[in-house]
Amino acid sequence: MTALDVSPPEPAPQPASVRPMALAFEGVSHSYGRGWAVEDVTFSVTPGSVVALLGESGCGKSTLLRIAAGVERPVRGVVSLGGRAVSGDGAFLPPEKRGVGLMFQDYALFPHMSLLANVTFGLRGRPRADALSTARARLAQVGLSTHERKHPGELSGGEQQRAALARAVAPQPGLLLMDEPFSGLDRRLRDSVRDDTLAVLRESGATAVIVTHDPEEAMRMADRIVLMRRGRVAQQGAPEELYRAPASLFAARFFSEINEIPCVVKNGRATSALGDVAAPGVEDGPAILAIRPHGLRIGPRGQGAAGRIVERRFLGETEQATIVVDGLDAPLRARRPAGEAPVPGADVGVTLCGAETLVFAADGA
Ligand code: ADP
Ligand code: MG
């Protein structure tokens, strides 16, 4: 800078501070013509929080996201944004008026435009210098400053997804809707892009809804999870709540591999071939004991139920042992820290850890 150059430095662009928006679904149902794609769905997302819509393929997750974005009009129910009805109740606010950002797995960047042009695209209508400095700040935030002149085809999958994130947050949406945004990435890349995305989300302060079929991804990213099943909400709550206290066998199966064995409940206790556990609130009668693989203890023969190890698989930090137990039709799968599972052929005794065991009514799936 020379003595004559007295122009003040350009002010640094402010970090994307947004007014996070609340989102609420109330009794929302939608049909594409045959049956309900989503049925009577009610949940709400508090401003600034991250909610995961979790469930297997076809359960209605993308439909809910499209309804929130306004590209689909629900047949029944009310959707509100920031406390104001935007669908239903006689209201309909078109997508472009909702102030919502979208990021989809196949929401491709424009291939013929540079990254900088892609990110400024959503900032049309702003003064050019402002749009450019905002776009550059967002690209810097996702570590792509040095790539701003490149075209999407010159970037890796992870970089493209980071660029898509920069583009989605640049206009400072109060709500960001993301549909399986990481499913096109390989596992290791997914972890880092996921963590970066969460950091950007937290920094921007936007409310976010993330669609995923991966329970681990939902637990890693979300403050709350809405677990869907066949168009309906199966359970909603904090990640730990869904994992520790699944309301159904379906929810338990969704979050981890489980061993299911028959048991009989009487006066709040379940009796099975592996012993007794507490079953508070479960009706008397035949029921199902759901045991997580790390809830099975393997000891010497004589302790608990008699069993034999038939297979052992090394999985890195843990080992998986397959055990045939006297009196049970199906073999059990146990997880132990690596090096602790007995060798195949060993005679063992199997007991339960109550904390990793859940009891469900026999028809409760
Ligand atoms: P998910 O995202 O959980 O996989 P979707 O919301 O895409 O589920 O789909 C829910 C149900 O609605 C599925 O049975 C699907 O086949 C159906 N569906 C989704 N989109 C359409 C459409 N445009 N036309 C007809 N049926 C659709
Ligand atoms: Mg989908």
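We count ligands from 1, going down the list as the structure has it; atoms in each ligand are counted the same way.
At the shortest separation from atom 13 (C) of ligand 1 among protein heavy atoms lies G58 O, 3.7 Å. For atom 9 (O) of ligand 1, the closest non-hydrogen atom of the protein is T63 OG1, 3.8 Å. Annotation: atom 25 (C) of ligand 1 to nearest protein heavy atom, Y32 CB, 3.3 Å. The protein atom (non-hydrogen) at minimum distance from atom 8 (O) of ligand 1 is G60 N, 3.2 Å.
Counting the atoms of ligand 1 from 1 in the order shown, those under 4.0 Å from a heavy atom of S62 are 1 (P), 2 (O), 6 (O), 7 (O). Near A37, meaning under 4.0 Å from one of its heavy atoms, ligand 1 places the atoms 11 (C), 12 (O).
Every heavy atom of E180 sits 4.0 Å or more from the atoms of ligand 1. Remark: distances from the non-hydrogen atoms of G55 to ligand 1 are all 4.0 Å or more.
Between F25 and F43, the ring planes are parallel. Angles under 30° get that label, and only those over 60° would be called perpendicular. Ring planes of H30 and Y32: perpendicular class, angle over 60° (limits at 30 and 60°).
With a 6.0 Å cutoff to the six-membered ring centre and a 45° limit on the axis angle, R292 does not count as a cation-pi contact of F255.
For atom 15 (C) of ligand 1, no protein heavy-atom neighbour is present inside the 4.0 Å cut-off.
Note: E39 CD to S29 OG = 5.5 Å, rounded to the nearest 0.5 Å.
The Mg ion (ligand 2) has no N, O or S atom of S57 under 2.8 Å away, backbone or side chain.
Using a 4.5 Å heavy-atom cutoff, the side chains of R149 and L115 are not in contact.
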**Request:** Kindly determine whether D347 and R308 satisfy salt bridge (charged side-chain N to carboxylate O under 4.0 Å, His left out), including the steps that lead there.
**Result:** CA-CA 5 Å; D347 288 326; R308 171 168 294 172; 2.9 Å; yes
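In the model, R138 has no side-chain atom that pairs as donor or acceptor with a side-chain atom of S133 under 3.5 Å.
The part of R66 lying near ligand 1 is the side chain, judged by heavy-atom distances below 4.0 Å.
In terms of hydrophobic clustering, with Ile, Leu, Val, Met, Phe, Trp and Tyr side chains grouped at heavy-atom distances under 4.5 Å, L176 and L109 are assigned to a common cluster.
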